Amino acid sequence: MKKLIALTLAAASVVSMVAQDQNGGYPITQVPFTKVKVAQNTFWGQRLQASQDVTIPLAFTKSEETGRYTNFSNSAEHLKDPSKVFEIKSGTYSFDDTDPYKTIEGASYLLQTYPNAKFKGGRLDKYVDSVIAVIASAQEPDGYLFTARTQNPQKPHEWAGAKRWERVEDLSHEFYNLGHMVEGAIAHYQATGKRNFLDIAIRYADCVIREIGEGEGQVVRVPGHQIAEMALAKLYRITGEKKYIDQAKFFLDKRGYTSRTDEYSQ
């Protein structure tokens with residue numbers, strides 16, 4: 001009897017280890033939002049209906065009206081012709097890029113329940129693809145994507161610092177932008193199966209991994225906001241690439257041990 005119990009426990013242990021390995025080290029697997037269908041006449045169904053009818057259209061419209069997309073197209077123009085630079089408008093923020101990212105994330109959640117959702121007389125998913133194309137045009141060859149610098153590298157946004165990552169622990173929001181980009185890209189990939197946004201986010205994440213760390217030629221920097229760590233952990237779950245969870249751990253381990261040690265370093 002004891003031998004049977006021992007064998008049973010050993011088998012259970014092996015099953016548990018296999019399950020954890022398949023789930024990226026987690027003993028419990030969250031249910032992807034793509035596996036859930038929200039009934040339209042329920043409380044949450046009504047919230048999704050409001051998002052389809054009001055919230056998502058308003059957010060995308062505001063991104064158009066306030067020059068969010070223009071920042072990307074200006075950056076693309078500079079990349080094609082470095083002699084072209086664009087003045088960063090007063091009143092803009094270094095995290096303005098995240099508004100399209102976050103709206104794409106919300107639209108992706110919506111598309112899971114309303115795959116034929118409309119916007120401006122056409123399909124919402126087609127409009128999202130057009131926004132992603134504008135975002136892609138602003139990505140630098142090594143994956144860096146931060147319009148507050150790229151559209152005018154000699155005179156970037158006042159919060160950005162003279163060099164990449166110089167003020168990321170303060171106000172540049174380069175890692176903050178990365179976090180929201182990755183989360184939006186993962187939601188879009190899960191909802192549509194398309195990699196057009198995910199590949200952009202992976203290239204920027206890889207740029208950060210190459211340049212941030214304790215290796216030769218790298219600099220030690222910590223995000224001013226923790227969204228980057230959460231996003232990198234999600235990217236690890238999606239891709240299975242351990243380098244993303246390692247970078248998230250690096251950020252967490254270094255928090256409070258760089259030049260920034262005040263209450264902002266939560």
Side-chain angles (χ1 to χ4, degrees), residues 23-24 26 28-66 68-69 72 95-136 145 173 175-205 223 225-240 244-245 248:
N23 297 332
Y26 294 94
I28 299 173
T29 304
Q30 67 182 31
V31 178
F33 76 90
T34 50
K35 299 294 184 183
V36 178
K37 295 293 184 182
V38 179
Q40 296 184 12
N41 61 347
T42 64
F43 174 84
W44 289 114
Q46 293 170 359
R47 305 284 74 72
L48 284 173
Q49 186 70 50
S51 290
Q52 177 182 231
D53 297 342
V54 180
T55 312
I56 299 299
L58 177 62
F60 276 134
T61 299
K62 286 298 180 183
S63 286
E64 292 179 359
E65 292 175 352
T66 57
R68 279 5 182 211
Y69 302 156
F72 292 100
F95 48 80
D96 281 355
D97 292 354
T98 64
D99 289 339
Y101 302 157
K102 288 181 278 191
T103 309
I104 290 173
E105 182 180 5
S108 298
Y109 295 142
L110 179 69
L111 286 168
Q112 173 58 24
T113 300
Y114 298 97
N116 297 315
K118 304 295 183 182
F119 181 59
K120 291 193 170 185
R123 287 174 48 176
L124 176 61
D125 62 332
K126 297 298 183 184
Y127 177 84
V128 170
D129 282 342
S130 72
V131 175
I132 293 171
V134 173
I135 292 169
L145 210 172
H173 291 83
F175 295 159
Y176 175 82
N177 288 15
L178 167 71
H180 283 297
M181 177 197 294
V182 169
E183 292 215 310
I186 289 173
H188 181 258
Y189 171 69
Q190 289 178 317
T192 68
K194 299 176 184 177
R195 292 187 61 101
N196 49 339
F197 197 16
L198 182 64
D199 287 341
I200 296 168
I202 285 174
R203 289 186 64 213
Y204 191 19
H225 302 75
Q226 291 76 52
I227 185 66
E229 292 91 325
M230 293 189 291
L232 287 167
K234 289 182 179 181
L235 192 55
Y236 161 64
R237 296 294 303 276
I238 287 290
T239 65
Y244 299 122
I245 198 74

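These numbers were taken from a predicted model, which means no experiment stands behind them.
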Heavy-atom side-chain proximity of [X] to [Y] below 4.5 angstrom:
| X | Y | answer |
| --- | --- | --- |
| H188 | I132 | yes |
| R237 | I186 | no |
| E229 | P223 | yes |
| T61 | F119 | yes |
| I135 | I104 | yes |
| F60 | K120 | no |
| N196 | Y189 | no |

Sequence neighbours excluded, which residues qualify as side chain to side chain contact (heavy atoms under 4.5 Å, CB included) partners of [X]?
| X | answer |
| --- | --- |
| D99 | S63, R68, K102 |
| A205 | L178, L232, L235, Y244 |
| K118 | R123 |

I'd like to check the side-chain hydrogen bond (donor to acceptor under 3.5 Å, both in side chains) partners of [X]; sequence neighbours left out, ordered by chain and number.
| X | answer |
| --- | --- |
| Q112 | none |
| N177 | none |
| Y127 | E64, Y69 |
| H173 | S94 |

Note to self: Within this structure, what is the CE-OH distance for the pair M181 and Y101, rounded to the nearest 0.5 Å?
What the structure shows: 3.5 Å
Notebook entry, point to check: With Y114, which residues qualify under ring-ring contact (aromatic ring centres under 6.0 Å, His included), at least two apart?
Noted result: none
Check: Partners of F175 by ring-ring contact (aromatic ring centres under 6.0 Å, His included), sequence neighbours excluded?
Finding: W165, F251
Where [X] and [Y] come nearest, the two heavy atoms and their spacing:
| X | Y | answer |
| --- | --- | --- |
| P100 | F72 | CG-CE1, 4.1 Å |
| G179 | A231 | O-CB, 3.3 Å |
| Y109 | A187 | CE2-CB, 3.8 Å |

Item checked: salt bridge (charged side-chain N to carboxylate O under 4.0 Å, His left out): pairs with one or both residues in residues 181-200, sequence neighbours excluded -> D129-K194, E183-K234, R195-D199
Just list the side-chain donor-acceptor pairs under 3.5 Å for residues 51-59, sequence neighbours left out, or say none.
unit_1: S51; atom_1: OG; unit_2: R47; atom_2: O; d: 3.2
unit_1: D53; atom_1: OD1; unit_2: Q49; atom_2: NE2; d: 3.2
unit_1: D53; atom_1: OD2; unit_2: Q49; atom_2: NE2; d: 3.1

Next item on the list: Give a yes or no answer on whether the side chain of T98 reaches the backbone of F95 with a donor-acceptor pair at less than 3.5 Å.
Entry: yes
Check: Could you give all pairs that pass the side-chain hydrogen bond (donor to acceptor under 3.5 Å, both in side chains) test and reach residues 31-40, with sequence neighbours left out?
Finding: none
